[in-house]
Protein chains: 2
Amino acid sequence: MNKSDLKLIAVLERTGGFASAQELHQILRREGDGIGLTTVYRALQSLVDDKIVDLLRREDGEAIYRLCGDTHHHHLVCKGCGNTVEIEGGAIEKWAKTMAEEFGFREVGHTAEIFGICSKC
Amino acid sequence: MNKSDLKLIAVLERTGGFASAQELHQILRREGDGIGLTTVYRALQSLVDDKIVDLLRREDGEAIYRLCGDTHHHHLVCKGCGNTVEIEGGAIEKWAKTMAEEFGFREVGHTAEIFGICSKC
DNA sequence: TCACAAAATGGAAATGATTATCATTTCCAA
DNA sequence: TTGGAAATGATAATCATTTCCATTTTGTGA
């Protein structure tokens, strides 16, 4: 956890939602921070490894990042406005575990996201 | 629906699972078809528009395509050898539907994949 | 069969995100 | 203060995807 990591966390806290590496870099630059794009990518990578931020993908494949809470959760993402709701995923955990056992897999992780159009859009 | 579209559908039928545009192009080339990469991308795009194939994303953001078949299923992927098992996802369908309803989302789709190490690796 | 316009094609260049390289700077403990 | 490890950032490289544009194929009416 170094200075850059903390800067990124601060911006993510401030902005609240998801942001791409490029956007985060621009925000910091705009605020007068001379941080380099490389460092932004590196910091985000290490934050993802440490499970401090979530990484998911926009529809065009661009990576977007967001602070994650302490609990493991999934996302319900609006394709219209990008608004996101964190949801409970107990059923998924159980499903992933069951399936993995059935086929003899170990060190299992999973991804699960729901996409749709929210009531406002 | 033109000749290229049909070629792509044929390959996707044959291979069964997911494949990226680059992979599909290579497969066709290997089989002696001189199809261009541009045409592969174009055909896939139009098949997605016509809802004949699904587009989703690998973990690194690369687009992968599959025929939207009769049954919707999920994958258990080995991080070691890439071997993939198609699995039943009834629990997930229910979960996605329930969550979407709860938060007033419509036109809902979802992704769910399990990653792990298979017994051989 | 022929001519011709529209559609399809594919190579090459452009684009845009992400990663690798590497020289320089900052940090920190001894 | 100093030596070395970690952090930094500019630049170049990589890789999927798109755009451009010239050429080829196809379908259709004469």
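Quantities reported herein were computed from a predicted structural model and do not represent experimental measurements. Naming: A, B, ... by sequence-line order, numbering from 1 per chain.
Ion pair B/Glu31/B/Lys7 not flagged as a salt bridge, since none of the NZ, NE, NH1 or NH2 atoms sits closer than 4.0 Å to an Asp/Glu carboxylate oxygen. Under 4.0 Å is where a charged nitrogen must lie from a carboxylate oxygen, and between A/Glu23 and A/Arg58 at least one such pair does.
Considering every non-hydrogen atom in both B/Asp33 and B/Ile35, the closest pair reads OD1-N, 2.8 Å.
If you check every strand for non-hydrogen atoms under 4.0 Å, A/Ser20 touches nothing. Base engagement by B/Gln22 is indicated by at least one non-hydrogen atom pair under 4.0 Å involving a base atom.
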### Task
Start with the C-alpha gap between A/Ile114 and A/His75, add the side-chain angles, then the distance that decides, and say whether side-chain contact (heavy atoms from CB on, under 4.5 Å) holds.
CA-CA 6 Å; A/Ile114 310 180; A/His75 295 103; over 6 Å; no
### Query
Does the pair B/Val108 and B/Phe105 meet the rule for a side-chain contact (heavy atoms from CB on, under 4.5 Å), with working shown?
CA-CA 7 Å; B/Val108 184; B/Phe105 278 55; 4.2 Å; yes
#### Entry: Test log, rule side-chain contact (heavy atoms from CB on, under 4.5 Å), inputs B/Arg29 and B/Val40
CA-CA 11 Å; B/Arg29 282 292 175 108; B/Val40 170; over 6 Å; no
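Between A/Asn2 and D/dT8, a side-chain N or O to OP1/OP2 separation shorter than 4.0 Å is present.
We find that CZ of B/Arg57 is positioned 11 Å from P of C/dT18, with the value rounded to whole Å. Rounding to whole angstrom units, CD of residue B/Glu62 and C1' of C/dA17 are separated by 13 Å. C/dT18 atom P lies 17 Å from atom CZ of B/Arg58, rounded to whole Å. Regarding B/Lys7, its NZ atom lies at a distance of 10 Å from the C1' atom of C/dT9, rounded to whole Å.
No close placement of the A/Trp95 and A/His110 rings is indicated, their centers lying 6.0 Å or farther apart.
Contacts between residues 23-50 of chain B and DNA chain D, counted as heavy-atom distances below 4.0 Å, involve B/Leu37, B/Thr38, B/Tyr41.
Between its two ends, the helix from C/dT1-D/dA30 to C/dA30-D/dT1 turns its axis by 10°, counting five pairs per end and rounding to 10 degrees.
B/Phe18 does not carry B/Arg66 over the face of its six-membered ring by the limits of under 6.0 Å from the centre and within 45° of the normal.
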Could you write out each protein N or O paired with an N or O of nucleotides 24-29 of chain C at a distance under 3.5 Å?
| residue | atom | partner | partner atom | Å |
| --- | --- | --- | --- | --- |
| C/dC27 | OP1 | A/Lys3 | NZ | 2.9 |

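In this structure, CD on A/Glu102 lies 8.5 Å from CD1 on B/Ile87, to the nearest 0.5 angstrom.
Between the side chains of A/Gln22 and A/Tyr41, at least one donor N or O lies within less than 3.5 Å of an accepting N or O.
Put simply, B/Leu37 and B/Leu8 are part of two different groups of oily side chains (I, L, V, M, F, W, Y) that touch within less than 4.5 Å, one to the next.
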